[in-house]
Chemist: 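So that we are looking at the same thing, I have put the structure below in structure tokens.
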There are 2 protein chains.
Amino acid sequence: MSLAQLEYFVAVAEEAHVGRAAQRLHIAQPPLSRQIRRLEDELGAPLFERTPRGMRLLPEGEVFLAHARAILRAVGDAQRAVRARHGV
Amino acid sequence: MSLAQLEYFVAVAEEAHVGRAAQRLHIAQPPLSRQIRRLEDELGAPLFERTPRGMRLLPEGEVFLAHARAILRAVGDAQRAVRARHGV
DNA sequence: GGCGCTTCATACCCAATCGGTATTGGATCG
DNA sequence: CGATCCAATACCGATTGGGTATGAAGCGCC
């Protein structure tokens with residue numbers, strides 16, 4: 001699992017659409033699909049239901065979404081903390 | 001910044017020695033040195049003081065260490081949460 | 001003071017990963 | 001039943017990551 005995958009996952013969850021999420025992330029659709037799939041493989045559980053209209057979060061996905069956001073927030077906090085201290 | 005870099009950083013901080021940390025992480029010393037340096041570069045602040053006896057955490061490093069551990073703990077929590085729910 | 005040891009850093013190489021383009025497969029709707 | 005809109009797959013070039021060999025610098029001990 002990588003931090004990029006977490007950002008990708010959050011984007012797809014919010015857009016409910018791989019193509020739109022890819023645009024927002026400034027990458028192409030296929031690599032994004034792949035990363036989402038790899039994340040699911042690594043977790044051993046599907047996070048989305050694939051529909052002809054896009055991606056719908058499964059309950060496991062909802063659970064993971066909250067954790068992913070917390071992790072990304074913690075990363076931002078860590079960077080800010082060090083930079084703030086260094087600035088001093 | 002990657003999760004691997006955070007694990008590497010915690011190992012080096014705990015061992016206060018790149019060589020020992022590398023052994024513990026099952027990678028070679030030079031790649032580990034590089035990742036630590038890249039992390040410092042990206043954060044824009046040195047985290048360790050290099051001494052002839054090893055690595056000593058700087059105050060910025062102490063601050064970052066707490067954050068790094070929190071992030072890694074959050075990652076473990078996220079994995080466990082999804083797997084637990086999927087197991088059900 | 002010089003030799004040797006220990007430590008992290010650098011140089012170079014190869015393998016793995018990542019993202020891009022082109023295309024396919026599948027479901028829905030007119 | 002054909003057009004359309006999805007995500008998924010195949011393949012390729014570029015980037016990144018780790019390994020081996022080597023260097024540079026500080027400390028300790030004769």
Chemist: Nearest-nucleotide wise, let me know which of B:S33 and A:Q5 is further upstream toward the 5' end of DNA chain C.
Modeler: B:S33
Chemist: To the nearest 0.5 Å, tell me how far A:L25 CG sits from A:R20 CZ.
Modeler: 13.0 Å
Chemist: What donor-acceptor contacts under 3.5 angstrom involve side-chain atoms of residues 81-88 of chain B, with partners at least two apart or in another chain?
Modeler:
| residue | atom | partner | partner atom | Å |
| --- | --- | --- | --- | --- |
| B:R83 | NE | A:L43 | O | 3.3 |
| B:R83 | NH2 | A:E42 | O | 2.8 |
| B:H86 | ND1 | A:G44 | O | 3.2 |

Chemist: With heavy atoms under 4.0 Å as the rule, sort B:R20 into base, sugar-phosphate or nothing.
Modeler: nothing
Chemist: Anything under 4.0 Å to a heavy atom of chain B counts; send over the first and last such nucleotide of DNA chain C, read 5' to 3'.
Modeler: C:dT7 to C:dC12
Chemist: Answer yes or no: is there a donor N or O on one side and an acceptor on the other, between the side chain of A:E49 and the main chain of A:R56, under 3.5 Å?
Modeler: no
Chemist: Any sub-3.5 Å donor-acceptor pair from A:Q35's side-chain atoms to A:Q5's backbone N or O?
Modeler: no
Chemist: Give, ordered by number, those residues of residues 41-52 of chain B having at least one heavy-atom distance below 4.0 Å to an atom of DNA chain C; if nothing qualifies, reply none.
Modeler: B:R50, B:P52
Chemist: List, one per line, each side-chain donor-acceptor pair under 3.5 Å for residues 66-75 of chain A, sequence neighbours excluded.
Modeler:
| residue | atom | partner | partner atom | Å |
| --- | --- | --- | --- | --- |
| A:R69 | NH2 | A:E14 | OE2 | 2.9 |

Chemist: Is the closest side-chain heavy-atom distance between B:R50 and B:M55 below 4.5 Å?
Modeler: yes
Chemist: Using a 4.5 Å cut-off on heavy atoms from C-beta on, say whether the side chain of B:V18 contacts that of B:I36.
Modeler: no
Chemist: Considering residues at least two apart in sequence or located in another chain, which fulfil the ring pair (Phe, Tyr, Trp, His ring centres under 6.0 Å) criterion with A:F9?
Modeler: A:F48, A:F64
Chemist: Both A:V18 and B:P31 contact DNA chain D. Which one's nearest nucleotide lies toward the 5' end?
Modeler: A:V18
Chemist: Between B:D41 and B:R38, does any NZ, NE, NH1 or NH2 come within less than 4.0 Å of an OD or OE carboxylate oxygen?
Modeler: no
Chemist: Across the strands shown, which category fits A:Q35 at heavy-atom distances under 4.0 angstrom: base, sugar-phosphate, nothing?
Modeler: sugar-phosphate
Chemist: Taking CZ in A:R53 as the centre, count heavy atoms belonging to other residues, nucleotides or ligands within less than 6.0 Å. Is the count above 12?
Modeler: no
Chemist: Quick one: on DNA chain C, does A:H26 or B:R53 contact a more 5' nucleotide (nearest heavy atom)?
Modeler: B:R53
Chemist: Under a criterion of less than 4.0 angstrom to any heavy atom of chain A, what are the 5'-terminal and 3'-terminal contacting nucleotides of DNA chain D?
Modeler: D:dC6 to D:dC11
